[in-house]
Amino acid sequence: MSGGIAAYKAASLARGLVKAGATVQAVLTEHAAAFVGPPTFAGLTGRPAHTGVLTDAHRVLHVRLARETDVAVFAPATANLLAKLAHGLCDDLVTSVFMCLRCPVVLAPAMHTEMWAHPATRANLAVLRDRGATVVEPGEGALAGGDSGPGRLADEDELLEAVARALGTASGPLAGRRVLVTAGGTREPIDPVRFIGNRSSGKMGYALAAEAARRGARVDLVSGPSHLADPPGLRSVRRIETARQMRDAVMQLCDDADVVVKAAAVADFRPASYAAQKVKKDDEGFTGVPLERNPDILAELGRRKGHRVLVGFAAETDLAEERGREKLHRKGLDLIVVNRVDAPDAGFNVDTNRAVLLSAGGGRSEVALTSKAGLARVVWDRVESLLDETRPPAPADASTP
Ligand code: C5P
């Protein structure tokens with residue numbers, strides 16, 4: 001715990017974790033201890049609550065605590081704590097333990113809206129997410145001092161669920177499964193101002209990621225620019241811009257994935273060169289933007305498929321199903337979700353969709369107009385049966401952060 005008023009809620013969280021069967025070790029910053037006393041946590045957890053690096057100095061407390069930990073939860077994580085964690089400062093017990101951790105990390109930020117929105121906090125969280133931490137986003141509501149807005153510690157149930165997911169002990173039909181989802185469109189820069197992009201909003205991919213998490217999977221999301229908030233309960237969310245950045249993130253994350261769902265609308269082409277200065281409209285020499293082909297991430301995954309279930313999307317404006325079937329085979333997929341993007345109630349940027357699901361085994365099913373969350377449920381039902389047919393769940397692995 002770090003020093004915010006939400007530290008009082010951490011007492012209830014500690015109790016909830018104990019009730020769920022965990023052995024809980026409370027570690028408080030000096031300021032957290034000013035909000036809620038260590039004896040409260042000692043009473044709730046049945047173990048001494050620690051605040052100082054120098055307690056038990058001869059046994060190097062911070063190293064020992066980190067080694068004994070299966071999952072570390074930082075709740076509340078103040079803006080100050082996030083800054084320290086992102087930069088590797090370790091000037092107290094909480095931060096020193098963090099530096100020694102080799103287990104999954106769950107961060108539950110809580111702070112005033114201004115601090116939450118500050119670019120420094122955003123950048124620190126991006127660093128921590130990139131290093132594999134799960135961030136349980138704060139909710140919106142009453143804050144200290146009579147204020148209200150985003151910044152309030154996430155609900156206890158959400159935190160307990162995030163801990164279970166980090167430990168691989170979440171329940172649900174996808175428990176123990178590791179899922180990678182891509183979402184949104186990519187942006188391919190022409191110059192510092194302009195890019196080539198597409199109309200994808202990320203809604204379909206975010207719905208797929210949220211549904212997988214709800215079913216107990218450990219989910220990583222790689223997203224192009226999107227105005228949507230991170231879906232709850234994911235292990236990580238990486239935000240990228242270009243197809244090549246998406247490829248790098250996917251290749252880093254796919255190795256231990258059981259399922260990869262590529263809902264992203266990846267730009268097929270990018271400008272062959274990037275103009276470091278804005279291209280001026282009166283530039284006489286300007287003749288157009290030559291393009292070159294982007295890597296096909298899904299096809300690359302299909303070539304080194306291994307044990308993974310691969311799901312692709314085909315956004316089409318004509319001959320949808322034929323093209324979808326051709327892509328299914330050419331890219332080595334198990335399942336493709338074919339949807340028309342030229343109807344006003346389906347495809348890009350709307351909340352509804354309709355689709356045809358084609359599977360490598362020859363299966364075909366039509367999904368009539370439904371919400372994107374509804375289509376996500378159908379896709380995961382189908383993936384679950386593909387997994388059951390071929391791959392028993394791997395044992396829970398708590399060692400990968
Ligand atoms: O070939 P097409 O772009 O229609 O294929 C769509 C599917 O392939 C989607 O699942 C999309 O995420 C994926 N894709 C990709 N890399 C590309 C282009 C598409 O992974 N460069």
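In listed order, ligands and their atoms are each counted from 1. Every value quoted in this text rests on a predicted model; they were computed, and no experiment measured them.
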Exercise for review: State the NE2-CG distance between His87 and Leu82, to the nearest 0.5 angstrom.
Suggested key: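 Output value for this atom pair is 10.0 Å.
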
Point to revise | Atom pair CZ/CG of Arg239 and Leu221 - distance to nearest 0.5 Å | key: 7.5 Å

Is [X] close to ligand 1, meaning an N/O of one under 3.5 Å from an N/O of the other?
X      : result
Ile297 : yes
Lys331 : yes
Glu316 : no
Thr182 : no
Ala264 : yes
Gly312 : no

Review point. What protein heavy atom sits nearest atom 7 (C) of ligand 1, and how far away is it?
Key: Phe313 O, 3.0 Å

Check your understanding: To the nearest 0.1 Å, how far is atom 10 (O) of ligand 1 from its closest protein heavy atom, and which atom is that?
Key ->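 Checking every protein heavy atom, the shortest distance to atom 10 (O) of ligand 1 gives Lys262 O, 2.6 Å.
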
Revision key, fill the gap. Checking Arg247, Lys262, Lys305 against Glu300 for salt bridge (Lys or Arg N to Asp or Glu O under 4.0 Å), the one that qualifies is Arg247

Practice item. Heavy-atom contacts with Asp268 under 4.0 Å: which atoms of ligand 1 show up? List them by number with element. Key: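 Those of ligand 1 that fall under 4.0 Å from Asp268 are 3 (O), 18 (C).
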
Practice item. Kindly indicate whether the side chain of Phe74, heavy atoms from C-beta on, has any atom under 4.5 Å from the side chain of Leu81. Key: yes

Review point. Applying a 4.0 Å heavy-atom criterion (strictly less than), which segment of Lys327 is in contact with ligand 1: side chain, backbone, both, or neither?
Key: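 The part of Lys327 near ligand 1 is the side chain, not the backbone.
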
Check your understanding: Taking heavy atoms and a distance under 4.0 Å, where does Pro295 meet ligand 1: side chain, backbone, both or neither?
Key -> backbone

**Study point:** Worked check of side chain to side chain donor-acceptor pair (under 3.5 Å) between Asp345 and Thr352
**Key:** CA-CA 6 Å; Asp345 55 3; Thr352 50; 5.6 Å; no

Point to revise | Cation-aromatic face contact Arg152/Trp116, 6.0 Å, 45 degrees | key: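 Checked: cation-pi criterion not met.
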
Review point. Just checking, is any N or O donor in the side chain of Gln245 or Arg238 under 3.5 Å from an acceptor N or O on the other one?
Key: no

**Study point:** Heavy-atom nearest neighbour of atom 13 (C) of ligand 1 within options Val260, Leu298, Asn294, Leu328
**Key:**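 Checking each option, the heavy atom nearest atom 13 (C) of ligand 1 is found in Leu298.
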
Check your understanding: Picking from Leu386, Leu387, Val383, what satisfies side chain to side chain contact (heavy atoms under 4.5 Å, CB included) with Asp334?
Key ->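 Going through the options one by one, the only one that passes is Leu386.
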
